[in-house]
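Throughout, protein chains are lettered first and strands after them, A, B, ... in sequence-line order, and every chain is numbered starting at 1. Below, each value reflects all heavy atoms present in this structure, side chains not excepted, and no hydrogens, waters or symmetry copies.
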Amino acid sequence: MLRLEGLSKVYGTGDRALTDVSFTVEPGQVVGLIGPSGAGKSTLIRCINRLVEPSAGKISLGDLDITQLSRGGLRQARRRIGMIFQEYALVERLTVMENVLSGRLGYVGFWRSFFRKFPPESVENAYRLLDRVGLSAHVNKRADALSGGQRQRVGIARALEQDPDLLLIDEPTASLDPKTSRQIMRLIIEICDERGLPAIINIHDVALAQQFVQRIIGLQGGKVVFDGSPDELDADVLTRIYGEEDWSATIRKVDEDAEGTEDSAEEIAAALDRERLAGLT
Amino acid sequence: MTTATAPAFPTTWSRPPFIKRAWLRWTLYLGALLYMVLAVGSVEVNWMRVWEGLDRGLRFIQGFLLPDFTSRWEDILIGMEESLTMAVTSTVAGVAISVPIGIGAARNIAPLPVYAVCRAIIALSRSFQEIIIAILFVAMFGFGPFAGFLTLSFATIGFLAKLLAEDIEDIDESQAEAVRATGAGWWQIVTYAIQPQVMPRLIGLSLYRLDINFRESAVIGIVGAGGVGATLNTAMDRYEYDSAAAILILIILIVMAAEYSSGYVRKWLQ
């Protein structure tokens with residue numbers, strides 16, 4: 001369980017990125033974090049593993065208060081938090097396997113990692129994860145030889161190789177096409193379900209968020225302005241988060257959707273793609 | 001505001017001048033021109049010496065047309081061997097010292113005090129030309145290739161550490177962030193996120209430095225730091241322009257060989 005209490009961040013330049021953000025993520029819950037560019041979404045998830053140092057507030061993962069940790073303690077806490085990035089952030093000149101194994105860096109000593117002598121169970125797990133994300137054939141390829149969707153799968157495998165208690169996911173689909181975006185989102189959701197993993201997903205695409213996550217938090221100007229189920233997102237809420245705009249085509253038709261979720265998934269995806277093409281999301 | 005006629009737009013446009021004030025612009029242009037005229041006027045040319053030198057220049061060119069590889073071959077061979085040894089050993093030593101200094105001089109991964117110290121070392125190494133350092137080391141360690149080796153190693157640090165540090169500062173930060181997010185330690189971040197990104201350039205720069213060091217070894221020989229430069233200097237002093245030409249031709253060939261092979265290696269590394 002992840003709990004944020006009164007989290008604030010003021011950058012050295014004086015920019016207030018986050019103001020008094022509080023919420024709790026229950027075990028196994030996948031939260032979509034939406035908001036306009038500059039609302040503080042990236043800052044928020046980077047504060048959780050302290051890639052960005054929060055200015056005030058408290059972050060607890062289980063019983064552990066992350067904000068109070070020393071450097072060594074922070075490294076140990078980071079091992080428990082997997083992170084997936086917008087532009088994949090793979091080390092491009094390393095092989096797929098090295099990228100996945102880098103998820104174990106927090107657990108092995110420097111020289112073992114330097115000579116790529118990872119424990120057998122880590123290597124086995126890496127093979128298993130690459131098989132799970134469908135990349136068994138690409139183990140020894142360099143990361144920059146893969147397509148966007150494949151790279152993001154490596155990113156997912158790297159995060160899972162950490163055997164995390166929490167996933168932080170920063171715009172996982174921002175550089176992917178609509179179909180691949182859905183495949184990646186589905187994979188992430190499936191994996192979170194399989195492992196009962198809680199996750200926070202920063203996402204620009206409101207329709208995509210509605211389709212996949214159980215809970216949505218809306219951020220505007222560094223403050224939480226909405227926290228609820230995807231069905232509650234209406235024109236008013238979107239206006240509160242993003243500002244005035246014609247939202248009619250963005251919002252999922254709740255009643256239609258409730259009837260045919262299973263059989264019309266393809267249709268919805270197609271409709272969403274049309275919306276994206278129309279530039280409405 | 002509400003007139004029906006379309007507003008008249010200008011039909012010409014010129015780029016705004018770099019210096020806006022016209023009088024300042026023209027003062028600067030005229031000042032530069034005046035300085036150049038005066039400077040050229042102040043250079044004294046002794047035309048008699050130029051005339052005498054023409055004759056010597058002609059003999060030099062003749063020497064080049066008929067380079068003599070044989071009569072001083074032994075000396076040339078020893079000089080070349082010394083130069084190559086100096087170039088290779090000083091590059092290896094220089095690179096080995098440069099890497100930690102370069103890492104320390106990269107602001108994005110080194111703490112401020114380490115950064116300041118490493119940048120100071122680089123600045124010190126870069127502030128003197130090789131010949132000045134060579135004169136110093138020859139005075140300290142005596143004539144011969146050891147002084148040359150030290151000179152070139154020292155010069156390599158300034159060059160390689162600076163460029164490596166700049167390359168590290170230019171890395172794709174997101175890759176390092178991703179590795180940091182896994183709980184990796186500082187050294188692991190360096191070997192997993194930074195080394196893969198800068199390695200091709202580091203190798204390319206080292207090869208480039210190798211042929212710089214070879215060329216410099218010919219120069220510092222003139223002040224007594226061993227190598228083929230000493231042989232060249234001797235040949236010049238004895239007016240043996242044909243032997244000197246042979247040495248210069250060999251230097252050109254070796255530098256060309258280094259150029260082509262390093263280009264090939266760099267392409268292969270990418």
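Counting non-hydrogen atoms of other residues, nucleotides and ligands closer than 6.0 Å to CD of B/E81 gives a total of 12 or fewer. Crowding of B/W186 atom CH2: a count of heavy atoms from other residues, nucleotides or ligands under 6.0 Å exceeding 12. Around CZ of A/F110, the count of heavy atoms belonging to other residues, nucleotides or ligands within 6.0 Å exceeds 12. In B/Y208, the OH atom is not crowded: 12 or fewer heavy atoms of neighbouring residues, nucleotides or ligands sit closer than 6.0 Å. For A/R132, the CZ atom counts as densely surrounded, since its 6.0 Å shell holds more than 12 non-hydrogen atoms of other residues, nucleotides or ligands. The neighbour count for B/Y29 OH, taken as heavy atoms of other residues, nucleotides or ligands under 6.0 Å away, does not exceed 12.
Comparing A/L168, A/N49, A/L90, A/L74 by how many heavy-atom pairs each has under 4.5 Å with chain B, the most go to A/L90. For the options B/S174, B/A181, B/A176, heavy-atom pairs under 4.5 Å to chain A are most numerous at B/A181.
For A/E92, the parts sitting under 4.5 Å from any heavy atom of chain B are the backbone and the side chain alike. Using a 4.5 Å cut-off between heavy atoms, A/R112 makes no contact with chain B at all. Using a 4.5 Å cut-off between heavy atoms, A/F85 touches chain B through its side chain atoms alone. Only the side chain of B/Q195 has a heavy atom closer than 4.5 Å to any heavy atom of chain A. Heavy-atom distances place no part of A/R80 under 4.5 Å from chain B, backbone and side chain included. Neither the backbone nor the side chain of A/R50 comes within less than 4.5 Å of any heavy atom in chain B.
A donor-acceptor pair under 3.5 Å is formed between the side chain of A/R93 and the backbone N or O of B/Q197. Under a 3.5 Å cut-off, the side chain of A/R75 and the backbone N or O of B/G183 do form a donor-acceptor pair. At distances below 3.5 Å, at least one donor-acceptor pair connects side-chain atoms of B/Q188 with backbone N or O atoms of A/V108.
A/R116 forms a cation-pi arrangement with B/Y192, by the criterion of a distance under 6.0 Å to the ring centre and an angle within 45° of the ring axis.
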Test side-chain contact (heavy atoms from CB on, under 4.5 Å) applied to B/R180 and A/L51, step by step: CA-CA 8 Å; B/R180 188 176 300 121; A/L51 287 175; 3.9 Å; yes

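Rounding to the nearest 0.5 angstrom, the gap separating the CZ atom in A/R158 from the OG1 atom in B/T182 is 8.0 Å.
A/A89 and B/A178 get closest at one heavy-atom pair: O-CB, 3.4 Å.
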